[in-house]
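Quick notes on the structure that follows.
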Amino acid sequence: MMGEVVYKDGDRILSERGQNQDCIECLEGLLEKAKGGEICGVAVAIQYSDRSTGETVAGFIWNRCVVGSLAFLTKRLTQE
């Protein structure tokens, strides 16, 4: 069995097919919070298994708060 494959900078290369359990668990947890009324809006960046990307916004969004969170994630993603 092969070990984990990584890029030179250390990023993991995920399988292009199959389930991504971390993604599923994250989305299921968020869905439960939305159903319970805790989450009222989302801004989502999506990466598909073919490496294409997408985005969507849904629900009630306080723009400044969400933009701040997206800026934080942008910094985090570029430093990992």
Side-chain angles (χ1 to χ4, degrees):
M1 184 173 196
M2 284 185 60
E4 183 176 60
V5 179
V6 296
Y7 286 107
K8 286 183 180 181
D9 65 4
D11 280 350
R12 285 188 327 174
I13 300 173
L14 297 176
S15 171
E16 292 184 19
R17 297 189 187 148
Q19 293 185 348
N20 177 342
Q21 194 60 38
D22 289 343
C23 180
I24 293 167
E25 290 172 9
C26 175
L27 292 171
E28 287 175 343
L30 293 172
L31 179 58
E32 287 302 312
K33 288 181 179 183
K35 286 180 177 181
E38 187 177 348
I39 295 176
C40 62
V42 294
V44 180
I46 304 157
Q47 182 166 4
Y48 296 97
S49 60
D50 67 359
R51 297 190 179 119
S52 63
T53 58
E55 65 284 322
T56 189
V57 176
F60 185 79
I61 300 288
W62 286 280
N63 292 341
R64 290 183 184 169
C65 297
V66 171
V67 169
S69 291
L70 292 171
F72 171 79
L73 284 174
T74 300
K75 183 176 180 182
R76 182 174 155 201
L77 287 170
T78 58
Q79 291 179 348
E80 288 184 352

Problem set entry | Lys75 NZ to Leu70 CG distance, which is reported to the nearest 0.5 Å | 15.0 Å
For this session: Consider only side-chain heavy atoms of I, L, V, M, F, W and Y, link residues closer than 4.5 Å, and tell whether Val44 and Leu30 are in one cluster.
Result: yes
Problem set entry | From CG (Leu31) to SG (Cys26), nearest 0.5 Å | 11.0 Å
Problem set entry | Distance in Å, Gln47 CD paired with Glu55 CD, rounded so as to fall on 0.5 Å steps | 12.5 Å
Exercise. Nearest heavy-atom pair of Ile61 and Gly41: which atoms, and what distance?
Worked result: CD1-C, 3.6 Å
For this session: Is it possible for you to say whether Tyr48 and Leu27 belong to one hydrophobic cluster, with membership spreading through side-chain heavy-atom contacts below 4.5 Å?
Result: no
For this session: Enter the distance from Arg76:CZ to Ser69:OG here, rounded to the nearest 0.5 Å.
Result: 11.5 Å
Exercise. Shared ILVMFWY cluster between Ile39 and Ile46, side chains joined below 4.5 angstrom?
Worked result: yes
